[in-house]
2 protein chains.
Amino acid sequence: MKELKQRSACPVSTSLDIFGDKWTFLILRDMVFAGKSTYGEFLLSAEKIATNVLADRLAVLESQGILTKTVAADKKSKFTYRLTGKGVDTVPIIVELVLWGSRHCPTDIATDLLAELRTDKGTAVEKYQKLAREKSLI
Amino acid sequence: MKELKQRSACPVSTSLDIFGDKWTFLILRDMVFAGKSTYGEFLLSAEKIATNVLADRLAVLESQGILTKTVAADKKSKFTYRLTGKGVDTVPIIVELVLWGSRHCPTDIATDLLAELRTDKGTAVEKYQKLAREKSLI
DNA sequence: TACTTTACTTGCTTTTTGCAAGTAATTATC
DNA sequence: GATAATTACTTGCAAAAAGCAAGTAAAGTA
């Protein structure tokens, strides 16, 4: 059990106690927007997370109830990671990170996704939350 | 000039290249929701940031154009930090961190602020952005 | 002139990250 | 049925970042 220390009772602080690093939201991004669900898939992302850091972050996210780890349906040697409701609730945060980054940094994002997020953020958030929820029920 | 390396062209990743740590959003929170603007004020927050880390983060945020550093109006020995437009644009991210933390962690947040954010997030975001913008024009 | 305020800087220890290699249980192939 | 490949890690070590205590320097106050 990975236990995190809570630095204060401020909700921004408690959120950052869990998500305050350069990698955690990239794992969640991969689950929400790329449909990834295995250790091997997370390793393939462009940012090249180290294997020990990935293992550590997955353990933290599992212990914090943000995702679940189960043996894959097709292979016993594989694990499937799925978002819990608590994990699905991070979608609005990730969407705001997408919008800020795409507005203020040189990025390369699918124009249709960006248009979707900019035109009707609320609907887009609900859509990706629904997709993530459906995956967790497979 | 603090220069950051961009790990990929993904907007989530570029946002995290700047904000991906446990302290940066706490500084921005203090500016947006507590009206803080000086080094000494940031040091007083409950989470107790180390002085060298605070100095480093302020330098990064300044070099990234998220805040400006000017000599204070009243004292030449004091600096005033203010959000730029790019900084004001982080308010929606911080608001989502507040909402997630207050929903999923044991926190202690003013109930009227929480009600304000939950009832009409868009209006609340605009209100705090406007307040931050007005401060930057003083 | 001495003391305080304000904003750091420095030095040192601890923790986290990054990188390369190794391991162990399945699963696929010959 | 032995051999190789997949999949998900673990381990060891160097480098970077964070944490802590103390020191510095310019400006303001008594």
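By convention in this document, chain letters (A, B, ...) are assigned in the order of the sequence lines, proteins followed by strands, and residues within each chain are numbered from 1. Just so it is clear, the structure is predicted and the values come from calculations on it, not from any experiment.
- Put simply, OG on A:Ser63 and CG on A:Leu67 are 9.0 Å apart, with the number rounded to the nearest 0.5 Å.
- Note: CG (A:Asp17) to P (D:dA18) measures 15 Å, nearest angstrom.
- Applying the side chain to side chain donor-acceptor pair (under 3.5 Å) test to every pair with at least one member in residues 32-47 of chain A, sequence neighbours left out, gives these pairs: A:Arg29-A:Glu47, A:Asp30-A:Ser45, A:Lys36-A:Ser45, A:Thr38-A:Glu41, A:Glu47-B:Ser8.
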Just the atom pairs and distances: protein N or O near nucleotides 16-22 of chain C's N or O, under 3.5 Å.
residue	atom	partner	partner atom	Å
C:dT17	OP1	A:Arg57	NH1	3.4
C:dT17	OP1	A:Arg57	NH2	3.4
C:dT17	OP2	A:Arg57	NH2	2.3
C:dG18	OP2	A:Trp23	NE1	2.8
C:dG18	N7	A:Asn52	ND2	3.4
C:dC19	N4	A:Asn52	ND2	2.9

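- One finds no side-chain N or O of A:Tyr81 lying less than 4.0 angstrom from the OP1 or OP2 phosphate oxygen of D:dT7.
- Atom CG of A:Leu54 and atom C1' of D:dC9 are 9 Å apart (whole Å).
- Remark on the helix from C:dT1-D:dA30 to C:dC30-D:dG1: inter-end axis angle 10°, axes from five-pair C1' superpositions, rounded to 10°.
- Within residues 32-43 of chain B, the residues approaching DNA chain C are B:Thr38, B:Tyr39, B:Gly40, by heavy-atom distance under 4.0 Å.
- At a threshold of 4.5 Å between non-hydrogen side-chain atoms, the residues B:Leu131 and B:Val32 do not count as touching.
- When only modelled atom types and interatomic distance are considered, B:Asp21 and B:Thr24 share a side-chain donor-acceptor pair under 3.5 Å.
- Applying the salt bridge (Lys or Arg N to Asp or Glu O under 4.0 Å) test to A:Arg118 and every residue at least two apart in sequence or in another chain returns nothing.
- Contacts of B:Phe25 classified as ring-ring contact (aromatic ring centres under 6.0 Å, His included), with partners at least two apart in sequence or in another chain: B:Phe19.
- Under the side-chain hydrogen bond (donor to acceptor under 3.5 Å, both in side chains) criterion, B:Thr111 pairs with no residue, sequence neighbours left out.
- Listed by chain and number, the residues in a ring-ring contact (aromatic ring centres under 6.0 Å, His included) with B:Tyr128 are B:Phe33 (sequence neighbours excluded).
- For the pair A:Lys121 and A:Glu96, the salt-bridge criterion is met [side-chain N within less than 4.0 Å of a carboxylate O].
- B:Phe79 has its CZ atom 14 Å from the P atom of C:dT6, to the nearest Å.
- To the nearest 0.5 Å, atoms CD1 (B:Ile27) and CG (B:Leu58) are separated by 5.0 Å.
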Discussion item. Output one letter per nucleotide in nucleotides 23-30 of chain C: B when a protein non-hydrogen atom lies under 4.0 Å from the base, S when only the sugar-phosphate is that close, - when neither is.
Written reply: ---SS---
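- Considering only residues two or more places apart in sequence or on other chains, A:Glu126 meets the salt bridge (Lys or Arg N to Asp or Glu O under 4.0 Å) condition with none of them.
- The distance from atom CG of B:Leu44 to atom C1' of C:dT6 is 12 Å, rounded to the nearest whole Å.
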Name each donor-acceptor pair under 3.5 Å that joins a side chain in residues 68-79 of chain B to protein atoms two or more places apart or in another chain, with its distance.
residue	atom	partner	partner atom	Å
B:Thr68	OG1	B:Arg82	O	3.4
B:Thr70	OG1	B:Thr80	O	3.4

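- Taking the salt bridge (Lys or Arg N to Asp or Glu O under 4.0 Å) definition, one finds that B:Lys86 meets it with nothing, sequence neighbours left out.
- Between B:Glu62 atom CD and C:dA7 atom P the separation is 14 Å, expressed in whole Å.
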